[in-house]
Amino acid sequence: MPLNNSIITVHVFFFGGARDAAEAEEIDIELKAPATSSTAREEILAAYPELQRCGKSLRFAVNQEYAEPSREIHDGDELAIFPPVSGGSAGSAGILPASSSHDFFELTTDPIDVGAVARRVVLPECGATVTLDGYAREWTKGRRTLYLVYEAYPPMALSEMKKLGAQAHEKFDITYIGIVHRTGRLEIGETSVVISVGAPHRPGAFEACEWAIRELKRTVPIWKKEVFEDGEVWVEGEQVSHEAV
């Protein structure tokens, strides 16, 4: 543990609108020790004052987990700074429940074959598979979208997807859940995400699929940029309602 008034070095990634504000994708920065998520936030915002335009909505992760203000930071840790994910506020870390060996969670830059994802797992105990196909729409609040760009924090995104899947098994009567999300540039009509849920009976599959897309947009670190005819914008979720940094 570093002594008081010593210095530690951490590696910081910036994503979405935070990357644009900082004008950097990743940096190494020295922080005063002992350090916490709260003190690190203050020092990084002081070093990159343009981040302050993002307000209190900026999210922090330490070693690929959402961090509370009191989370200790050590020399060599990996930090990530980003706005809320594209559909909602960030969740908090917790114990990962058991999941199914048939579950799958993936990121890809390739076009997604919805049918292949939907039928990847066909188990004899299942009587229904519900599949959600999310794709790029052309119009948003009266503005014509030319294309979308999705960006992810890959290791944390996959970890959060797995947590989501494990929670789905606890909440619903399902046999498996699979999520495939695309990143990079998407043209109008191209699939951005597929969620496939198999269950003995259809109610459980429908409920889990609806819950999973809400939670994915709330907690999984994936951001969406909408490029319009007259500009572009990173889509940010709602402000958080708890004390996580």
**Student:** Just verifying a value: how many Å separate Gln167 CD and Glu170 CD, rounded to the nearest 0.5 Å?
**Tutor:** 7.5 Å

**Student:** Going only through I, L, V, M, F, W and Y residues with side-chain contacts under 4.5 Å, is there a path from Ile195 to Leu158?
**Tutor:** yes

**Student:** Is the number of heavy atoms from other residues, nucleotides or ligands within 6.0 Å of CZ (Arg143) greater than 12?
**Tutor:** yes

**Student:** Which atom pair, heavy atoms only, marks the closest approach of Met161 to Phe105?
**Tutor:** O-CE2, 3.5 Å

**Student:** Check for me, please, whether Phe172 and Val121 land in the same ILVMFWY cluster - side-chain distances under 4.5 Å, paths through other members count.
**Tutor:** no

**Student:** Please round to the nearest 0.5 Å and tell me the distance separating atom CD of Gln64 and atom CG of Asp77.
**Tutor:** 11.0 Å

**Student:** Where do Val180 and Leu107 land on the side chain to side chain contact (heavy atoms under 4.5 Å, CB included) test, with the steps shown first?
**Tutor:** CA-CA 6 Å; Val180 180; Leu107 297 172; over 6 Å; no

**Student:** Can you confirm whether more than 12 heavy atoms, excluding those of Lys225, are under 6.0 Å from its NZ atom?
**Tutor:** yes

**Student:** Should Tyr150 and Trp223 be marked as a ring pair (Phe, Tyr, Trp, His ring centres under 6.0 Å) after you check the CA-CA gap, both sets of side-chain angles, and the distance that decides it?
**Tutor:** CA-CA 6 Å; Tyr150 280 90; Trp223 301 272; over 10 Å; no

**Student:** For Asp103 and Ile177, indicate whether the former's side chain and the latter's backbone hold a donor-acceptor pair under 3.5 Å.
**Tutor:** yes

**Student:** Would you say the side-chain atoms of Asp133 and Thr191 include a donor-acceptor pair closer than 3.5 Å?
**Tutor:** yes

**Student:** Quick one, Glu78 with Phe13, criterion side chain to side chain contact (heavy atoms under 4.5 Å, CB included). Give me CA distance, side-chain angles, the key distance, then yes/no.
**Tutor:** CA-CA 8 Å; Glu78 177 181 299; Phe13 291 95; 3.5 Å; yes

**Student:** Under the rule for side-chain contact (heavy atoms from CB on, under 4.5 Å), what residues qualify as partners of Arg144, not counting sequence neighbours?
**Tutor:** Glu138, Trp139, Leu146, Glu229

**Student:** So do Pro69 and Thr36 actually touch side chain to side chain, heavy atoms under 4.5 Å?
**Tutor:** no

**Student:** Does Val117 reach the side chain of Ile112, with side-chain heavy atoms less than 4.5 Å apart?
**Tutor:** yes

**Student:** Any chance you could measure His74, atom NE2, to Asn63, atom CG, to the nearest 0.5 Å?
**Tutor:** 9.0 Å

**Student:** Taking side-chain contact (heavy atoms from CB on, under 4.5 Å) as the test, write out the residues that go with Thr145, two or more places apart.
**Tutor:** Thr140, Leu148, Ile188, Glu226, Phe228

**Student:** Would you find more than 12 non-hydrogen atoms of other residues, nucleotides or ligands less than 6.0 Å from Arg202 atom CZ?
**Tutor:** no

**Student:** Assigning hydrophobic clusters by single linkage (Ile, Leu, Val, Met, Phe, Trp, Tyr; side-chain heavy-atom cutoff under 4.5 Å), is Leu132 placed with Ile222?
**Tutor:** yes

**Student:** As a quick check of understanding, evaluate side chain to side chain contact (heavy atoms under 4.5 Å, CB included) for Thr129 and Val197, giving each step before the final call.
**Tutor:** CA-CA 5 Å; Thr129 297; Val197 181; over 6 Å; no

**Student:** Using the side-chain contact (heavy atoms from CB on, under 4.5 Å) rule, pick out the option among Val193, Val194, Val220 that qualifies with Ile179.
**Tutor:** Val193

**Student:** Taking all non-hydrogen atoms of both residues, which atom of Trp211 and which atom of Ala168 are closest, and how far apart?
**Tutor:** CZ3-CB, 3.7 Å

**Student:** Any donor-acceptor pair under 3.5 Å linking the side chain of Thr219 with the backbone of Glu215?
**Tutor:** yes

**Student:** If hydrophobic clusters are built by linking Ile, Leu, Val, Met, Phe, Trp and Tyr wherever their side-chain heavy atoms come under 4.5 Å apart, do Ile29 and Leu58 end up in the same one?
**Tutor:** yes

**Student:** Going by distance alone, is a donor N or O of one side chain under 3.5 Å from an acceptor N or O of the other, for His11 and Glu26?
**Tutor:** yes

**Student:** Is the closest side-chain heavy-atom distance between Arg182 and Pro111 below 4.5 Å?
**Tutor:** yes

**Student:** Run Asp75 and Val10 through side chain to side chain contact (heavy atoms under 4.5 Å, CB included) and show every step you take.
**Tutor:** CA-CA 6 Å; Asp75 190 62; Val10 298; over 6 Å; no

**Student:** Take Ser101 and Tyr176 through the side-chain hydrogen bond (donor to acceptor under 3.5 Å, both in side chains) test and state the conclusion after the steps.
**Tutor:** CA-CA 8 Å; Ser101 61; Tyr176 80 88; over 6 Å; no

**Student:** What's the separation between atom CD1 in Ile7 and atom CG in Leu31, rounded to the nearest 0.5 Å?
**Tutor:** 8.0 Å

**Student:** Is it the case that more than 12 heavy atoms not belonging to Glu125 sit under 6.0 Å from its CD atom?
**Tutor:** yes

**Student:** Check whether Leu186 and Val114 end up in the same hydrophobic cluster, where Ile, Leu, Val, Met, Phe, Trp and Tyr are linked by side-chain heavy atoms less than 4.5 Å apart.
**Tutor:** no

**Student:** Kindly write out the residues that satisfy ring pair (Phe, Tyr, Trp, His ring centres under 6.0 Å) with Phe104, not counting sequence neighbours, or none if the list is empty.
**Tutor:** none

**Student:** Under the 3.5 angstrom rule, does the side chain of His181 hit a backbone N or O of Ser192 as a donor-acceptor pair?
**Tutor:** yes

**Student:** Of all the heavy-atom pairs spanning Leu79 and Ala40, show the shortest one and how long it is.
**Tutor:** CD2-CB, 4.1 Å

**Student:** Taking all non-hydrogen atoms of both residues into account, name the closest pair between Phe82 and Ala18 and its distance.
**Tutor:** CA-CB, 4.0 Å

**Student:** To the nearest 0.5 Å, what is the distance between CD on Glu160 and CD on Glu65?
**Tutor:** 8.0 Å

**Student:** At their closest point, which heavy atom of Ala46 faces which heavy atom of Pro49, and how far apart are they?
**Tutor:** O-CD, 3.7 Å

**Student:** Which pair of heavy atoms, one from Gly204 and one from Ile174, lies closest together, and at what distance?
**Tutor:** O-CG2, 3.6 Å

**Student:** Test Glu151 against Arg19 for salt bridge (charged side-chain N to carboxylate O under 4.0 Å, His left out), laying out the working first.
**Tutor:** CA-CA 11 Å; Glu151 177 182 8; Arg19 185 188 63 241; 2.4 Å; yes

**Student:** For Tyr48 and Phe14: C-alpha separation, side-chain torsions, deciding distance, then whether ring pair (Phe, Tyr, Trp, His ring centres under 6.0 Å) applies.
**Tutor:** CA-CA 11 Å; Tyr48 293 87; Phe14 298 99; 5.6 Å; yes

**Student:** Main chain of Glu187, side chain of Glu190: is a donor-acceptor contact present, judged purely on distance under 3.5 Å?
**Tutor:** yes

**Student:** Testing Phe60, Tyr66, Phe15 for ring pair (Phe, Tyr, Trp, His ring centres under 6.0 Å) with Tyr153, which one passes?
**Tutor:** Phe15

**Student:** Taking atom CG of Leu45 and atom CG of Leu51, what is their separation to the nearest 0.5 Å?
**Tutor:** 5.0 Å

